[in-house]
Colleague: 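One structure, as C-alpha cells, below. Some questions next.
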Amino acid sequence: RIKCLYLPHSFRLWRALFLNGLLISNNYQLIPTYMALFDLKSLNSALEELQAERGISRESVVDALATALAAAYRREYGKRGQIIRATFNPTTGDMEFRQAKIVVDKTLVRQEGEESTGDDDHRSRFNPEQHIMIEDARRIKKDSQLDEEISFPLETQEDFGRIAAQAAKQVIMQKVREAERTSIIQEYGQREGDIVVGHVQRFERGNLFVDLGRATAILPYDEQIPGERYRQGERVRALLLRVDEGVRGTFIRLSRSHPRFLTKLFEAEVPEMASGIVEVKGIVREPGSRAKIAVFSKDDHIDPVGALVGQRGVRVAVVTSELGGEKIDVVEWSEKAEEFVKESLKPAQVLAIELNEEENRAVVQVAEDQQSLAIGRGGQNVRLAARLTGWKIDIRSTGGEQIAATDGTEAPKTQDTQVEDITQKESGFEETKKEMGADDEAVDTGDKNIDPVAQDRDIASEKVEEQQEEVVTDKEKDAE
C-alpha cells in the first residue's frame with residue numbers, strides 16, 4: 001500500500017520517482033517514506049517526464065538510482081572497503097547487488113605483516129574485501145588478468161531503512177544535478193555567439209537574471225547598454241557570450257554591449273549577410289550612443305551599405321530600435337587605407353587625406369561647415385573612425401589649422417575666418433555712385449549726416465563679429 005503525500009505542481013512526477021524509502025522531486029528534495037515497493041508504471045512515467053521537461057536522459061537517472069542503491073547497501077550491510085555494484089531494471093523492478101574485487105599479484109600489493117622495502121615501494125596493502133590474488137581469480141575465471149574486476153553476487157535486501165535512505169540522498173541529488181548540468185552545457189555550449197531570448201526574472205546588485213526556459217542566465221551590469229531599464233517579466237534578447245562551469249553550478253553569461261550582438265542582429269534582418277555575400281570586416285561601438293560597422297560585398301552587383309540600410313532605412317531602423325536608439329553608421333570597407341579612412345568619417349565629407357605610414361597617422365582636411373560632423377559630439381565620430389581603421393586621425397580645416405586629433409593633442413584656440421574685403425566693397429560703392437550721376441554729390445539716404453561708406457563699413461564689421469561668434473560657439477559645442 002502506497003502512502004499518499006500531498007505535493008504541489010505535477011503530482012505524478014513528485015510521487016512517482018521513489019526507491020526503497022526515497023522520494024525524489026523536481027527540486028531534488030528527497031522525502032523519506034516507509035515503503036519497500038515499486039510502482040513501476042509511475043516510475044517509468046516519471047523518468048519520461050524528467051527527460052521531457054528537464055532534458056535529463058532516462059539512462060542517467062537509472063544510473064543515479066543504481067549508484068544510490070549501492071551506497072545504501074554498503075552503508076547498511078556492507079563491510080569497510082567493499083566495492084559494491086548495483087543494477088536496477090526499471091522495466092521489471094529487479095535489483096542485483098554484486099561485490100567487485102580487483103585482481104592483483106605480489107607486485108601490486110603487500111601481504112599482511114609484510115613491510116615496505118623502501119621509498120621506491122609503491123605497493124598498497126592487501127585488502128581481502130577489495131583485492132583477490134591472481135591465483136585465486138583464475139580458479140574462478142581461467143583468463144583473468146591483472147587489474148580486472150571479478151564480481152561476486154550478494155544477497156538482495158529489499159528494505160534498507162531510514163539510515164540507508166539518508167545515505168543515498170546525497171548521491172541521488174548529485175547525480176541528477178550532474179546530469180542536468182551536462183545537459184545544459186551540451187545545449188547552450190553549442191549556441192555560444194548566438195542570440196537567445198528570455199524573460200527578466202530578478203535583479204541583484206545591478207545584474208540581471210534572465211529565464212531562458214531550462215536555465216537561468218545572467219546579464220552583468222557591464223554587459224548592459226547604458227540607460228536601458230528593464231521590468232520583471234519583460235522579454236529580453238541578448239548575445240550568449242559564454243557558458244562557464246563552476247563549483248556552484250553552470251553560469252550562462254549574456255551581453256547586449258558586445259559588438260557581435262550588433263552583427264547577429266543584422267544577420268537576422270539582412271539575408272545577404274546570412275548567406276555570406278555581405279561580410280562584416282569590423283565593428284566598433286559605444287553602446288547606447290553610436291556604432292560604426294564596415295561591410296564588404298563579395299558580389300559586385302550588390303551594394304553592401306544598401307543591403308544593411310534597406311529600403312528607406314527599414315533594416316537599420318529595426319536594429320536601432322532593438323538597441324534603444326543607438327545610432328549606426330554603415331560604411332563600405334576598402335583595401336586602400338585612404339578610401340577606408342575617408343569612408344569611416346562619414347557622414348562628414350572629406351576633401352583630402354595625407355597618410356604617414358611610419359607614424360600610422362592620417363591627416364584629413366575637411367571644409368569648415370563639415371567640422372562638427374567630422375569631429376562628432378565630444379570627438380565621438382573621429383574616435384570611432386580611428387578605432388575602426390586602426391589609424392591615428394587628425395582633422396584639419398581648409399585654412400590649414402588643426403582642430404581635432406585622436407592622439408590626445410590639443411587643437412589651436414584660434415583659426416582663420418574668411419571675411420569680405422572692405423576695400424573692394426568701398427570701390428564698388430564709388431563706381432555705383434558714378435553710374436547714378438552722383439559723383440561728387442552726397443547720396444540721398446534719408447539723412448544728410450550719414451556717410452554711406454561708413455555705413456557699409458559698419459555692416460561689414462557686424463558680419464565679421466557674427467562669424468567670429470559662430471566660430472566660438474561651434475568650438476564650445478565641440479568642447480562640450
Colleague: Assess the residue pair Glu354 and Arg361 against the criterion (salt bridge (Lys or Arg N to Asp or Glu O under 4.0 Å)); give the C-alpha distance rounded to whole Å, side-chain angles, the decisive distance to 0.1 Å, and a yes or no.
Modeller: CA-CA 8 Å; Glu354 295 180 5; Arg361 184 183 297 274; over 6 Å; no
Colleague: Between Arg242 and Leu254, is there a donor-acceptor pair closer than 3.5 Å when you use the side chain of the first and the backbone of the second?
Modeller: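 No: the side chain of Arg242 does not pair with the backbone of Leu254.
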Colleague: Is any side-chain heavy atom of Leu308 less than 4.5 Å from a side-chain heavy atom of Val278?
Modeller: yes
Colleague: List the atom of Ala362, the atom of Val341, and the distance in Å for their closest heavy-atom pair.
Modeller: CB-CG1, 4.3 Å
Colleague: Within the 4.5 Å heavy-atom criterion, are Glu286 and Leu384 side-chain neighbours or not?
Modeller: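 Contact flag for Glu286/Leu384 side chains = yes.
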Colleague: Would you mind reporting whether Val366 and Ile395 have side-chain heavy atoms less than 4.5 Å apart?
Modeller: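 Yes, at least one pair of side-chain atoms sits under 4.5 Å.
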Colleague: May I ask you to decide if Val318's main-chain N or O and Ser321's side chain share a donor-acceptor pair within less than 3.5 Å?
Modeller: no
Colleague: Give a yes or no on whether a salt bridge exists between Arg253 and Asp244, defined as a side-chain N under 4.0 angstrom from a carboxylate O.
Modeller: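 No.
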Colleague: Of the non-hydrogen atoms in Arg229 and Glu234, which two are nearest, and what is the gap between them?
Modeller: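 Scanning both residues completely, I find the closest heavy atoms to be O-OE1, 4.0 Å.
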Colleague: State, with a plain yes or no, whether a side-chain heavy atom of Val197 is found less than 4.5 Å away from one of Arg235.
Modeller: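 The answer is yes; the side chains approach within 4.5 Å.
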Colleague: Can you check whether Leu262 reaches Leu323 side chain to side chain, under 4.5 Å on heavy atoms?
Modeller: yes
Colleague: Any chance you could measure Asn207, atom CG, to Gln224, atom CD, to the nearest 0.5 Å?
Modeller: 7.0 Å
Colleague: Are Glu228 and Arg256 ion-paired here, with the side-chain N under 4.0 Å from a carboxylate O?
Modeller: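 A salt bridge links Glu228 with Arg256.
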Colleague: How far does OG1 of Thr263 sit from CD1 of Ile283, to the nearest 0.5 angstrom?
Modeller: 2.5 Å
Colleague: Tell me whether Asp329 is salt-bridged to Lys346, with the criterion being a basic N under 4.0 Å from an acidic carboxylate O.
Modeller: no
Colleague: Can you tell if the side chain of Val319 reaches within under 4.5 Å of the side chain of Glu269, non-hydrogen atoms only?
Modeller: yes
Colleague: Which heavy atom of Pro304 sits nearest to which heavy atom of Val295, and what is that distance?
Modeller: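 Pro304 and Val295 have their closest heavy atoms at CB-CG2, 3.6 Å.
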Colleague: CG/Leu219 to CD/Gln201 distance, rounded to the nearest 0.5 angstrom?
Modeller: 13.0 Å
Colleague: Please collect all side-chain hydrogen bond (donor to acceptor under 3.5 Å, both in side chains) contacts where either partner lies in residues 293-302, sequence neighbours excluded, each pair once.
Modeller: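 For residues 293-302: Asp299-His301.
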Colleague: Are the side chains of Asp394 and Val364 in contact, using a 4.5 Å heavy-atom criterion?
Modeller: no
Colleague: Side chain to side chain contact (heavy atoms under 4.5 Å, CB included) for Leu208 and Tyr221? Distances and angles first, verdict last.
Modeller: CA-CA 7 Å; Leu208 188 67; Tyr221 178 78; over 6 Å; no
Colleague: May I ask you to decide if Gln349's main-chain N or O and Gln370's side chain share a donor-acceptor pair within less than 3.5 Å?
Modeller: yes
Colleague: Among Glu339, Lys342, Glu343, exactly one meets side chain to side chain contact (heavy atoms under 4.5 Å, CB included) together with Val350. Which residue is that?
Modeller: Lys342
Colleague: Taking Glu272 for its side chain and Ile302 for its backbone only, find out whether a donor-acceptor pair lies under 3.5 Å.
Modeller: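 No: the side chain of Glu272 does not pair with the backbone of Ile302.
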Colleague: I would like to know whether Ser289 and Gln380 meet side chain to side chain donor-acceptor pair (under 3.5 Å); could you show each step before the answer?
Modeller: CA-CA 9 Å; Ser289 179; Gln380 186 182 61; 2.6 Å; yes
Colleague: Test your reading of the model: is there a side-chain donor-acceptor pair from Glu223 to the backbone of Ser255, 3.5 Å cut-off?
Modeller: no
Colleague: Kindly indicate, with the supporting measurements, whether the criterion side chain to side chain contact (heavy atoms under 4.5 Å, CB included) is fulfilled by Ile293 and Val331.
Modeller: CA-CA 6 Å; Ile293 176 171; Val331 300; over 6 Å; no
Colleague: Step by step, would you call Leu240 with Ile195 a side chain to side chain contact (heavy atoms under 4.5 Å, CB included)?
Modeller: CA-CA 6 Å; Leu240 201 160; Ile195 292 180; over 6 Å; no
Colleague: Apply side chain to side chain contact (heavy atoms under 4.5 Å, CB included) to Leu355 and Trp391, showing your working.
Modeller: CA-CA 9 Å; Leu355 300 180; Trp391 287 77; 4.1 Å; yes
Colleague: Rounded to the nearest 0.5 Å, what separates atom CZ in Phe340 from atom CG in Leu345?
Modeller: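 Separation between the atoms: 10.5 Å.
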Colleague: Identify the two heavy atoms, one from Ser344 and one from Leu388, that lie closest to each other, and give their separation to 0.1 Å.
Modeller: CB-CD2, 4.3 Å
Colleague: If you compare all heavy atoms of Ser397 against all heavy atoms of Gln371, which two are closest, and at what distance to 0.1 Å?
Modeller: CB-NE2, 3.5 Å
Colleague: Going by distance alone, is a donor N or O of one side chain under 3.5 Å from an acceptor N or O of the other, for Lys392 and Asn356?
Modeller: no
Colleague: Answer yes or no: is there a side-chain heavy-atom contact under 4.5 Å between Glu326 and Arg285?
Modeller: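 Yes, side chains in contact.
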Colleague: In Å, rounded to the nearest 0.5 Å, how long is the span from OG1 of Thr320 to CZ of Arg315?
Modeller: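 One gets 14.0 Å once the value is rounded to the nearest 0.5 Å.
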Colleague: With sequence neighbours left out, what residues match Phe296 under ring-ring contact (aromatic ring centres under 6.0 Å, His included)?
Modeller: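 Trp333.
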Colleague: Give, for atom CZ of Arg191 and atom CD1 of Ile252, the distance between the pair rounded to the nearest 0.5 Å.
Modeller: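 Between Arg191 CZ and Ile252 CD1, I get 9.0 Å after rounding to 0.5 Å.
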Colleague: Heavy-atom count check: over 12 atoms from other residues, nucleotides or ligands less than 6.0 Å from Arg290 CZ?
Modeller: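 Above 12, so yes.
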Colleague: Considering non-hydrogen atoms only, spot the tightest contact between Ala100 and Glu149 and give its length.
Modeller: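 Heavy atoms of Ala100 and Glu149 come nearest at CB-OE1, 3.7 Å.
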